[in-house]
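Right, one structure below, let's go through it.
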Amino acid sequence: MKEFDPSDNSASIVSVTDRVSPIAIGMPVTSVHFLGDGAAFVGAEESVAVVDGKGRISRLAVHSGGILCAASDGTRIVMGGDDGKLVALDAESKVGLVATDPKRRWIDNVALHPDGAVAWSAGKTAFVQNGTAEAKSLDVPSTVGGLAFAPKGLRLAVAHYNGVTLWFPNMAAKPEFLEWAGSHLGVVFSPDNKFLVTTMHEPALHGWRLADNRHMRMSGYPGRVRSLSWSAGGKSLATSGADTVIIWPFGSKDGPMGKEPAMLAPLQARVSMVACHPKQDILAAGYGDGTILMVRLNDGAEILVRRNGTVPVAALAWNSKGTLLAFAAEDGDAGILEL
């Protein structure tokens with residue numbers, strides 16, 4: 001297949017750009033999440049723009065300042081802000097207060113567990129609240145870089161400088177520390193609960209095989225990795241940070257150790273966002289020049305969703321059925337593709 005060149009209109013690539021419904025968000029967007037078939041575009045400051053199935057936009061105030069983090073489980077979006085508050089937005093567009101930091105510190109990270117538990121961080125402290133019980137807290141050696149719940153059991157990974165702390169909030173046991181020098185930012189568990197992967201401040205990923213804490217080094221990126229997404233079966237991890245989508249294999253007991261990643265959808269622009277389809281081996285990739293491609297994992301076949309613009313793609317999300325793809329650039333130029 002011919003490589004897509006945004007400046008070459010003769011590029012032989014299938015395009016679905018005419019099927020995209022443009023959305024005038026009118027504000028910088030940092031992430032997008034689906035609540036049912038409604039797309040919620042989280043702004044950088046104060047507001048969320050909710051777009052219903054008919055394209056109607058509702059602007060909702062959720063914070064009194066910057067929105068620093070957001071996570072969704074499909075039924076609610078929980079967001080933290082520089083006003084020291086953690087708030088939740090549900091599918092009925094109701095906004096509720098989850099927690100307020102007693103010192104009014106910035107809420108930097110948030111994570112949701114399938115059973116309803118929520119985790120967040122402020123400075124060097126991570127919190128977990130399950131139901132109406134009082135929140136439990138854990139202090140780590142340095143500022144929390146990222147949070148992730150394990151897919152099984154109530155276990156929280158807290159990324160920070162020089163490693164990750166694994167914490168069972170409901171147990172008295174001492175938290176486990178996985179050490180690796182450097183600043184660890186984003187963190188994810190593999191869907192099968194066998195691996196843990198962090199994004200680094202340097203242009204690399206680091207991982208551990210949880211059965212024996214064996215290290216996995218995933219390097220060679222020209223830029224920092226800011227976006228990760230597991231494939232539908234959890235056998236592959238798609239990543240940003242290069243001028244192709246880098247996909248690491250996790251289908252064997254050794255994960256990517258000793259293996260080369262796949263490199264798909266090359267462009268003369270760096271990948272800024274990735275989002276794997278929830279049911280099929282397809283992913284959406286957004287680039288620093290505003291281009292969006294859909295890519296088939298098994299053969300790299302590409303479909304053009306959005307032609308290059310002027311600013312990077314900042315948000316990508318599929319609905320739970322995989323029938324809708326929502327996207328937004330950093331300047332709020334957004335759209336929804338129905339498949």
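All residue numbers in this chain count up from 1 along the given sequence. Owing to the predicted nature of the structure, the values given are computational and were not obtained by experimental measurement.
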Inset, instruction - Look at the side chain of Arg224 and the backbone N and O of His201, then say whether any donor-acceptor pair between them is shorter than 3.5 Å. - result: yes
Inset, instruction - For Gly286 and Leu316, work out which heavy atoms get closest and say how close. - result: N-CD1, 3.5 Å
Inset, instruction - Determine the minimum heavy-atom distance between Ala126 and Leu156, stating which atoms define it. - result: CB-CD2, 4.5 Å
Legend entry - Heavy-atom side-chain proximity of Trp230 to Val188 below 4.5 angstrom: yes
Inset, instruction - Establish, from distance only, whether the side-chain atoms of Ser240 and Tyr221 form a donor-acceptor pair under 3.5 Å. - result: no
Inset, instruction - State, to 0.1 Å, how close Gly81 and Leu68 come at their nearest heavy-atom pair, and which atoms those are. - result: C-CD1, 3.9 Å
Legend entry - Spacing of Thr143 atom OG1 and Leu185 atom CG [to the nearest 0.5 Å]: 11.0 Å
Inset, instruction - Report yes or no: does Asp83 contribute a side-chain atom to a donor-acceptor pair with the main-chain N or O of His63 at less than 3.5 Å? - result: no
Legend entry - Ser320 and Lys279 side chains, donor-acceptor separation under 3.5 Å: no
Legend entry - Short N-O contact, Arg59 and Glu45, less than 4.0 angstrom: no
Legend entry - Exercise: do Asp139 and Thr125 side chains pair donor with acceptor under 3.5 Å: yes
Inset, instruction - Output yes when a side-chain donor or acceptor of Ser72 lies under 3.5 Å from a complementary backbone atom of Ile77, and no otherwise. - result: no
Legend entry - Trace of the side chain to side chain contact (heavy atoms under 4.5 Å, CB included) decision for Leu267 with Asp243: CA-CA 6 Å; Leu267 281 188; Asp243 59 3; 5.9 Å; no
Inset, instruction - Might you confirm whether atom NZ of Lys321 has over 12 heavy atoms from other residues, nucleotides or ligands at distances under 6.0 Å? - result: no
Inset, instruction - Check Pro191 against Gly234 and note the closest heavy-atom contact, atom names and distance. - result: CG-CA, 3.8 Å
Legend entry - Where at least one partner belongs to residues 70-117, residue pairs that pass ring-ring contact (aromatic ring centres under 6.0 Å, His included), sequence neighbours excluded: His113-Phe149
Legend entry - Approximate separation, where rounding is to 0.5 Å, of Leu166 CG and Asn213 CG: 7.5 Å
Inset, instruction - Starting at CZ of Arg307, measure out to OG1 of Thr17 and round the result to the nearest 0.5 Å. - result: 5.5 Å
Inset, instruction - Give the C-alpha distance, both sets of side-chain angles, the deciding distance and a yes or no for side chain to side chain contact (heavy atoms under 4.5 Å, CB included) between Asp90 and Thr75. - result: CA-CA 6 Å; Asp90 66 18; Thr75 62; over 6 Å; no
Inset, instruction - Please determine if Arg56 and Asp52 form a salt bridge, counting it only when a charged side-chain N lies under 4.0 Å from a carboxylate O. - result: yes
Legend entry - 4.5 Å side-chain heavy-atom contact, Ile336 and Phe327: no
Inset, instruction - Evaluate the criterion side chain to side chain contact (heavy atoms under 4.5 Å, CB included) for residue pair Glu302 and Ile13; output intermediate values, then yes/no. - result: CA-CA 7 Å; Glu302 302 163 8; Ile13 182 171; 3.6 Å; yes
Legend entry - Residue that, paired with Asn319, satisfies side chain to side chain contact (heavy atoms under 4.5 Å, CB included) out of Leu339, Leu35, Leu324: Leu324
Inset, instruction - Report yes if some heavy atom in the side chain of Leu228 is under 4.5 Å from a heavy atom in the side chain of Val274; otherwise report no. - result: no
Legend entry - Interatomic distance, Asp101 atom CG to Leu86 atom CG [nearest 0.5 angstrom]: 10.0 Å
Legend entry - Any donor-acceptor N/O pair, Asp82 side chain to Gly66 backbone, under 3.5 Å: yes
Legend entry - Check: Pro256 and Met218 side chains under 4.5 Å, non-hydrogen atoms: yes
Inset, instruction - Kindly work out whether a path of hydrophobic side-chain contacts (I/L/V/M/F/W/Y, heavy atoms less than 4.5 Å apart) joins Phe127 to Val144. - result: no
Inset, instruction - Dump the intermediate steps for side chain to side chain contact (heavy atoms under 4.5 Å, CB included) on Leu297 and Ile247, then the final yes or no. - result: CA-CA 9 Å; Leu297 296 183; Ile247 301 177; 3.5 Å; yes
Legend entry - Donor-acceptor contact present, side-chain Ser31 to main-chain Ala315, <3.5 Å: no
Inset, instruction - Keeping to residues at least two apart or across chains, list the ring-ring contact (aromatic ring centres under 6.0 Å, His included) pairs with something in residues 264-305. - result: His277-Trp318
Legend entry - Hphob cluster co-occupancy, Val62 + Val50, side-chain heavy atoms under 4.5 angstrom: yes
Legend entry - Polar side chain donor-acceptor pair, Asn298 to Asp281, under 3.5 angstrom: no
Inset, instruction - Please answer: with hydrophobic residues joined when any side-chain heavy atoms are less than 4.5 Å apart, are Val197 and Leu210 in the same cluster? - result: no
Legend entry - Rounded distance (nearest 0.5 Å) linking atom CH2 of Trp120 with atom CG of Asn109: 13.0 Å
Inset, instruction - State, yes or no, whether a side-chain contact exists between Ser252 and Lys259 at a heavy-atom distance under 4.5 Å. - result: yes
Legend entry - Contact check, side chains of Val98 and Val118, non-hydrogen atoms, under 4.5 Å: yes
Inset, instruction - Please check if atom NE2 in His215 has more than 12 non-hydrogen atoms from other residues, nucleotides or ligands closer than 6.0 Å. - result: yes
Inset, instruction - Count the heavy atoms belonging to other residues, nucleotides or ligands that lie under 6.0 Å from CD of Glu338, then report whether that count exceeds 12. - result: no
Inset, instruction - Would you check if there is a donor-acceptor pair between the side chains of Gln268 and Asp289 at a distance under 3.5 Å? - result: no
Inset, instruction - Would you tell me whether Asn170 and Lys136 have side-chain atoms, one donor and one acceptor, within less than 3.5 Å of each other? - result: yes
Inset, instruction - Have a look at Thr198 and tell me which of Leu178, Val187, Val225 forms a side chain to side chain contact (heavy atoms under 4.5 Å, CB included) with it. - result: Val187
Legend entry - Val32 reachable from Leu325 in the ILVMFWY side-chain graph, under 4.5 Å edges: no
Inset, instruction - Decide yes or no for Val51 and Phe41: does some side-chain heavy atom of the first lie under 4.5 Å from some side-chain heavy atom of the second? - result: yes
Legend entry - Note, Tyr161 side chain near Val140 side chain (heavy atom, < 4.5 Å): no
Inset, instruction - For residues Phe195 and Phe250, establish whether the separation of their ring centroids is below 6.0 Å. - result: yes
Legend entry - Validation row, ring centre His184 to ring centre His160 under 6.0 Å: no
Inset, instruction - Quick one: closest heavy-atom pair of Ala40 and Val48, and the distance? - result: CB-CG1, 3.9 Å
Inset, instruction - Please answer: with hydrophobic residues joined when any side-chain heavy atoms are less than 4.5 Å apart, are Phe189 and Leu138 in the same cluster? - result: no
Inset, instruction - Look up atom CD in Gln129 and atom OG in Ser137, then write down how far apart they are to the nearest 0.5 Å. - result: 12.0 Å
Legend entry - Closest non-hydrogen atom pair, Met79 against Leu89: CE-CB, 3.9 Å
Inset, instruction - Sort out for me which residue in Val78, Val42, Ile107 forms a side chain to side chain contact (heavy atoms under 4.5 Å, CB included) with Cys69. - result: Ile107
Inset, instruction - Could you tell me whether Arg209 and Asp212 make a salt bridge, using a distance below 4.0 angstrom between a side-chain N and a carboxylate O? - result: yes
Legend entry - All pairs passing salt bridge (Lys or Arg N to Asp or Glu O under 4.0 Å) where residues 68-79 contributes a residue, at least two apart: Asp73-Arg76
Legend entry - Under-4.0 Å salt bridge between Asp333 and Arg306: yes
